[in-house]
Engineer: 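Take a look at the following structure, please.
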2 protein chains.
Amino acid sequence: MRPEQDAPQRVLDSIRRDIILGRLPPGARVTEVALASRYGVSRIPVREALRALEAEGFVDSRPYAGSTVAAIPLDDAEDLFGVRRVIEATIARRAALRAAAHVAGDAPDTSWWTARRALTDILDDGDRAVASDALGDLPELNIRFHLGVAELSGSASLSALLRQISGKIEWLYAADVDHRGKQSWGEHRLVMAAIDAGNAGEAERLMEDHVASSQRGYLERFAAGPVPGPGAGPAAGITGTDAAGRG
Amino acid sequence: MRPEQDAPQRVLDSIRRDIILGRLPPGARVTEVALASRYGVSRIPVREALRALEAEGFVDSRPYAGSTVAAIPLDDAEDLFGVRRVIEATIARRAALRAAAHVAGDAPDTSWWTARRALTDILDDGDRAVASDALGDLPELNIRFHLGVAELSGSASLSALLRQISGKIEWLYAADVDHRGKQSWGEHRLVMAAIDAGNAGEAERLMEDHVASSQRGYLERFAAGPVPGPGAGPAAGITGTDAAGRG
DNA sequence: CGGATGGAGATTGAATACAATCGCCGCTAC
DNA sequence: GTAGCGGCGATTGTATTCAATCTCCATCCG
């Protein structure tokens, strides 16, 4: 079996996705051999992925006792949105500043153009999804847009922080996708325009409003009875050799 | 050799410390075998530690090309402080709310008392350090105080975020410890008092001022010629079998 | 009949071994 | 003299293997 060259990354993304989408419910035991056989690799890449997930707060581990899926951070929802607002607004401001520097001709950076082009594609894909009422594609595109802007900001530190927070918030939304759907998506072009114009203040303000609006949508939905969610009971995990998340 | 039960954690902390303190300068190559022999373990724990460090943004890795120490995020300094202000203020507010719930008798949580007692010890140790002019101990105690308050807040998500940001900021300060020394340390007791009183608004405000003040100290120091630092050249790394950070 | 205790099975922690890939150095050709 | 190229050493990626520890369940004792 040839080395997949980034099997750990693939395994990491897959497990995290299974957790976020509720295919691995909170409390479920995740054993290394089960995951290894599920993804067709040995335990080593799985171990690395599990350790990363532990650092990200998606699983709890105890020495020799294995790992379980962590509890969904329901109590942190409001604060997570608050932190995310600040981070995203900062990112938008810096992205605008960097865009301005680029049109001015300074900083001849090819990676910047790559990131900018990727955003164009994401925006177009999202518009098509909205036009064809394929709203199921929007959550994924939404994440990619925001991470794309982070890329454009040029700050690895802020990108990493946003990535961590986004995962948690995505988890909160859980399988409850399309939180505001069309309207929310439309706001992305406004943010992008401000960035392209190099208008740092406007980009910062628009992004903050956008995130705040997303937060309101979440709170309205879950204020009363928070998240019926898939996390029914601390069991039903994968334990056998081929049972992972086939629900 | 018996399993150390958390060798990866120890290795992770050690390497991160070496990076933050400049013993492993930016650009230095860090090979698995060198680290393994330095810490007396095999490559497996080292791999897990390196992957965690990559997620934290301290090293850059490419498949089959190995890992190098990342560049110090100098350009992110101001924004990192901004995000940290929000996170710490939120943490302080929640810690106060939780303290209020505890004196009220709700939530009989033994781990809370453990965390609270640890903070008492940290504050006392810091006072002793100040009294005996052992200011070299303050940076370490400073980090522990802030992480201790995060623990008290009861939010694993916010704790993880703070941990990540603190590492970066500590890196910025680099070997330049005792940034404001005695005065900064004294502010900790004010924050702690507000938390113990269950005064959420006051705790939030005091913590934000405290972090903002720390930021001013940093900017004043490094505004002109940012960080002479140990990152002289992209070389001098550890490559041999026993050369790690013996500088 | 309830709770402690011992052992078997399962699972993780770590080391060793091997395959795949990269980077460097000398060589060749122009 | 310099640019392209092939081989070799070094390093990473992964699998296999064994030791240490935990969990669960049946058993025994009070």
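So that the names make sense, note that chain A is the first sequence line, chain B the second, and so on, each numbered from 1. Bear in mind that the values here come from a model prediction, so they are computed numbers and not experimental data.
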Engineer: Between A:Asp13 and A:Arg10, is there a salt bridge with N-O shorter than 4.0 Å?
Structural biologist: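 Here A:Arg10 does not pair with A:Asp13 in a salt bridge, since their nearest N and O are not under 4.0 Å apart.
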Engineer: For the pair made of CD1 in B:Ile44 and P in C:dT12, what is the distance, rounded to whole Å?
Structural biologist: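 Answer to the nearest Å: 15 Å.
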Engineer: Can B:Asp79 and A:Arg94 be counted as an ion pair, charged N to O under 4.0 angstrom?
Structural biologist: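 So B:Asp79 pairs with A:Arg94 through a salt bridge.
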Engineer: What's the CZ-P distance between B:Arg43 and D:dT11, to the nearest Å?
Structural biologist: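 Going from CZ in B:Arg43 over to P in D:dT11 covers 11 Å.
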Engineer: What's the closest nucleotide to the B:Ser42 side chain, out of D:dT17, D:dT14, C:dA15?
Structural biologist: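 Looking only at side-chain atoms, B:Ser42 lies closest to C:dA15.
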Engineer: Can you check the A:Glu32 CD to D:dT17 C1' distance for me, whole Å?
Structural biologist: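 So the CD-C1' distance, A:Glu32 to D:dT17, works out to 15 Å.
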Engineer: Please determine if A:Asp137 and A:Arg128 form a salt bridge, counting it only when a charged side-chain N lies under 4.0 Å from a carboxylate O.
Structural biologist: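 Judged by the 4.0 Å cut-off on N to carboxylate O distance, A:Asp137 and A:Arg128 do not form a salt bridge.
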Engineer: Below 3.5 Å between N/O atoms, which protein atoms pair up with nucleotides 23-25 of chain D? Just atom names and distances, please.
Structural biologist:
unit_1 : atom_1 : unit_2  : atom_2 : d
D:dT23 : OP1    : A:Arg62 : NH2    : 2.6

Engineer: Counting C-beta onward and ignoring hydrogens, is there a side-chain heavy-atom pair between B:Leu21 and B:Trp171 closer than 4.5 Å?
Structural biologist: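 When only atoms from C-beta onward are counted, B:Trp171 and B:Leu21 do not touch, as no gap falls below 4.5 Å.
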Engineer: Mark yes when over 12 heavy atoms from residues, nucleotides or ligands other than B:Glu151 sit less than 6.0 Å from its CD; otherwise mark no.
Structural biologist: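 Result for CD/B:Glu151: open.
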Engineer: For the residue pair B:Asp76 / A:Ser155, report whether a side-chain donor-acceptor contact shorter than 3.5 Å exists.
Structural biologist: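 The criterion, which ignores hydrogens and geometry beyond distance, is satisfied for B:Asp76 and A:Ser155.
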Engineer: Between C:dT12 atom P and A:Arg47 atom CZ, what is the distance in whole Å?
Structural biologist: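 Roughly 9 Å, once rounded to whole Å.
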Engineer: In whole angstrom, give the distance that lies between atom CD of A:Gln9 and atom C1' of D:dT14.
Structural biologist: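 So the CD-C1' distance, A:Gln9 to D:dT14, works out to 16 Å.
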